[in-house]
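Everything quoted here is computed from the prediction, not taken from an experiment.
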Amino acid sequence: MIPFRLPFTGATHIELDGVLFTFLHRVYKHYAKGEFPLDDNLMRHTVVEATLPLTKKKSDNMIREMRKKSTTSDDITSEKFDHQLNVLNDYCQVLLVMHNLYNIEYLSLNKIVGIPEYMIYKEEEKPKLLGPFFIKNNEYLTKIHQKKFTAAELENSIQNYNTFKNHPLHMHIIYGRRGEKANREEDFNQAIIYFQTSMEIYVQHFIVECYRLMKWKPEHKIENLEKKKEFSKHVDHHFIRLFDDLNLKNADLLVDMVKRYKETSFQYRNNIVHEGMHYSRYEASHTKQLSADIFNLLLHDIRKAPSNAFTEYFTHLYNSAEVDIADLKKRHDVII
């Protein structure tokens, strides 16, 4: 079930890119009817059935994998589902353009209503395998949705309201959390964009405050850096050069990690925004992990660096515990 209605009459069957789609309709009374004024007291959804042929080998492989771990999606079992969803998304975008259907939105996995079901069968035979196709991370999101604050947690959130609002990197932190949420919802493009926004805020704040507190640049040049949103230039001409200036122990590794980020994650974001490309779990997870490793290693090195006005300022921005730096370095052996 998808969270909007496609404008078909009755049951409609179409074939696109080797996938047979059947579109059905469901109408429900709005759950808030009678409690709040509503423009429409009914909720309208379209149910989509997507069918595509499998070779015997592919069918046997999927049945074997689904029986081993049938409660989560992964690269093997979700391959065909992802293809069907991609074709459906492409068709919805065509309808959006041709008929101005502004109720249509891009379907990430978490926007599907309820839990999809799968069925593997031979023509005119009983299904060989069927059941719910649980999307990864749904259980986690359900637990979060059901969470209730303790009195201490509520009091803590109130006490920290102004502290957080006034934190110099609060938007960096917010976009990082948004990226994590989108990644858990398997909205991978949005996750990459949020992670990159978080990185841009962080890099600009780092170089501006470093120059200002260390008095390494005149104020008018610092103000120009604040105004210009040029991530690539900020990284190449300022950010990575400051690692040596601050005498950071792992400066070379940090430079390699940041350059790798520019070549991959930063490029993913540009391809999404400028070319409309779509990326998978791998690219989103890579972006999340690499950006987190850069932040953690940089904070670790600044805490160990010779004390100065900037290192004292920067270390007081964070009260997080040290991460396992040895484990972090192992992840980046390939670029050391």
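In summary, the side chains of Asn156 and Asn160 do present a donor paired with an acceptor at a separation below 3.5 Å, with no hydrogens or angles considered. Judged by distance alone, the side chains of Asn271 and Gln267 do bring a donor and an acceptor atom under 3.5 Å apart. Ser280 and Glu283 are linked by a side-chain donor-acceptor pair at a separation below 3.5 angstrom, with hydrogens and angles left out of the test. Between the side chains of His286 and Tyr268, no donor-acceptor pair is found at a separation under 3.5 Å. Using a 3.5 Å distance cut-off with no hydrogens or angles, the side chains of Glu200 and Gln204 do not pair a donor with an acceptor.
Summarising the local packing, NZ of Lys217 is surrounded by more than 12 heavy atoms from other residues, nucleotides or ligands at distances under 6.0 Å. Under a cut-off of 6.0 angstrom, the local environment of NE2 in His316 is sparse, with at most 12 non-hydrogen atoms contributed by other residues, nucleotides or ligands. By the 6.0 Å contact criterion, CZ on Arg303 is enclosed, its count of non-hydrogen atoms from other residues, nucleotides or ligands being greater than 12.
Considering only heavy atoms from C-beta on, Asp301 comes within 4.5 Å of Leu254 through its side chain. With a 4.5 Å cut-off on side-chain heavy atoms, Arg5 and His25 count as touching. Counting heavy atoms from C-beta outward, Arg44 and Tyr28 have side chains that stay 4.5 Å or more apart. For the pair Lys148 and Glu153, the minimum side-chain heavy-atom distance is 4.5 Å or more. Contact check for Leu248 versus Ile302: side-chain heavy atoms found under the 4.5 Å cut-off. Asn41 places none of its side-chain heavy atoms less than 4.5 Å from the side chain of Lys29. Looking at Ser307 and Glu312, their side chains come closer than 4.5 Å, going by heavy atoms from C-beta outward. Residues Met43 and Tyr31 are in side-chain contact: their nearest non-hydrogen atoms beyond the backbone lie under 4.5 Å apart.
Here the CD1-CG distance, from Ile158 to Asn162, works out to 11.5 Å after rounding to the nearest 0.5 Å. Taken to the nearest 0.5 Å, the CG atom of Leu242 stands 4.5 Å off from the SG atom of Cys210. The CG atom of Asn100 lies 7.5 Å from the CG atom of Leu96; values are rounded to the nearest 0.5 Å. Distance NE2/His45 to CZ/Arg26: 11.5 Å, rounded to 0.5 Å. Taking NZ from Lys33 and CZ from Phe36, the interatomic distance works out to 15.5 Å, rounded to the nearest 0.5 Å. To the nearest 0.5 Å, the span separating CG on Asn183 from CD1 on Ile192 amounts to 8.5 Å.
A distance-only check finds no donor-acceptor pair linking the side chain of Asn189 to the backbone of Ile272 [under 3.5 Å]. At least one donor-acceptor pair closer than 3.5 Å links the side chain of Thr197 to the backbone N or O of Ile193. Using a distance-only test at 3.5 Å, with no hydrogens or angles considered, no donor-acceptor pair links the side chain of Gln190 to the main chain of Ala182. Side chain of Asn250 to backbone of Leu253: no donor-acceptor contact under 3.5 angstrom is found. The backbone N or O of Gly18 lies less than 3.5 Å from a partner atom in the side chain of Glu15, making a donor-acceptor pair. Using modelled atom types, no side-chain atom of His99 and backbone atom of Leu95 make a donor-acceptor pair closer than 3.5 Å. Checking side-chain atoms of Thr311 against main-chain N and O of Asn308 turns up a donor-acceptor pair under 3.5 Å.
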Practice task
Step by step, work out the salt bridge (charged side-chain N to carboxylate O under 4.0 Å, His left out) result for Asp256 and Arg260.
Solution key: CA-CA 6 Å; Asp256 287 339; Arg260 185 178 173 217; over 6 Å; no

Between Glu105 and Lys111, is the salt bridge (charged side-chain N to carboxylate O under 4.0 Å, His left out) condition met? List the steps. CA-CA 9 Å; Glu105 57 183 313; Lys111 289 180 180 175; 3.3 Å; yes

Show your reasoning for whether ring-ring contact (aromatic ring centres under 6.0 Å, His included) applies to Phe314 and Phe206.
-> CA-CA 8 Å; Phe314 199 81; Phe206 187 97; 5.3 Å; yes

Report task. Would you please test His238 and Tyr211 for ring-ring contact (aromatic ring centres under 6.0 Å, His included) and show each step? Result -> CA-CA 10 Å; His238 306 284; Tyr211 286 144; 5.6 Å; yes

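Using a cutoff of 4.0 Å between basic side-chain nitrogens and carboxylate oxygens, Glu226 and Arg212 are scored as salt-bridged. Between Lys181 and Asp187 no salt bridge is recorded (no basic side-chain N to carboxylate O distance below 4.0 Å). Using a cut-off of 4.0 Å between Lys/Arg side-chain N and Asp/Glu carboxylate O, Asp245 and Arg241 are scored as not salt-bridged.
Here the closest non-hydrogen pair linking Ala309 and Leu213 is CB-O, 3.8 Å. When all heavy atoms of Ala191 and Gly179 are compared, the closest pair comes out as CB-O, 3.6 Å.
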Listing, residues 167-174 side-chain donor-acceptor contacts under 3.5 Å, not counting sequence neighbours, or none:
unit_1, atom_1, unit_2, atom_2, d
His167, ND1, Leu169, N, 3.0
His167, NE2, Leu317, O, 2.9
His170, ND1, His167, O, 3.0
His172, ND1, Ser198, O, 3.1
His172, ND1, Ser198, OG, 2.8

Listed pairs under 3.5 Å, donor-acceptor, residues 289-297 side chains, sequence neighbours left out:
unit_1, atom_1, unit_2, atom_2, d
Gln289, NE2, Asp293, OD1, 3.1
Ser291, OG, Thr287, O, 2.7
Ser291, OG, Lys288, O, 3.1
Asp293, OD1, Arg331, NH2, 2.7
Asp293, OD2, Arg331, NE, 3.1
Asp293, OD2, Arg331, NH2, 3.4
Asp293, OD2, His332, NE2, 2.8
Asn296, ND2, Ala292, O, 3.1

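Taking the six-membered ring where the residue is Trp, the centroids of Phe188 and Tyr279 are separated by 6.0 Å or more. Taking the ring centroids of His278 and Tyr106, they lie under the 6.0 Å cut-off.
Under a hydrophobic clustering in which Ile, Leu, Val, Met, Phe, Trp and Tyr are joined whenever their side-chain heavy atoms come within less than 4.5 Å, directly or via other members, Val235 and Val273 fall into different clusters. Under a hydrophobic clustering in which Ile, Leu, Val, Met, Phe, Trp and Tyr are joined whenever their side-chain heavy atoms come within less than 4.5 Å, directly or via other members, Ile14 and Leu101 fall into the same cluster. Under a hydrophobic clustering in which Ile, Leu, Val, Met, Phe, Trp and Tyr are joined whenever their side-chain heavy atoms come within less than 4.5 Å, directly or via other members, Val208 and Leu299 fall into the same cluster. With hydrophobic clusters built from ILVMFWY side chains whose heavy atoms lie under 4.5 angstrom apart, Phe81 shares a cluster with Leu16. Linking Ile, Leu, Val, Met, Phe, Trp and Tyr residues whenever their side-chain heavy atoms come within less than 4.5 Å places Leu246 and Tyr202 in a single cluster.
Annotation: cation-pi geometry not satisfied between Arg269 and Phe266 (NZ/CZ under 6.0 angstrom from ring centroid, within 45° of ring axis).
Note on ring orientation: taking the six-membered ring where Trp is involved, the planes of Tyr313 and His205 are tilted (angle from 30° to 60°).
Applying the side chain to side chain donor-acceptor pair (under 3.5 Å) criterion to Lys215, with sequence neighbours excluded, gives no partner residue.
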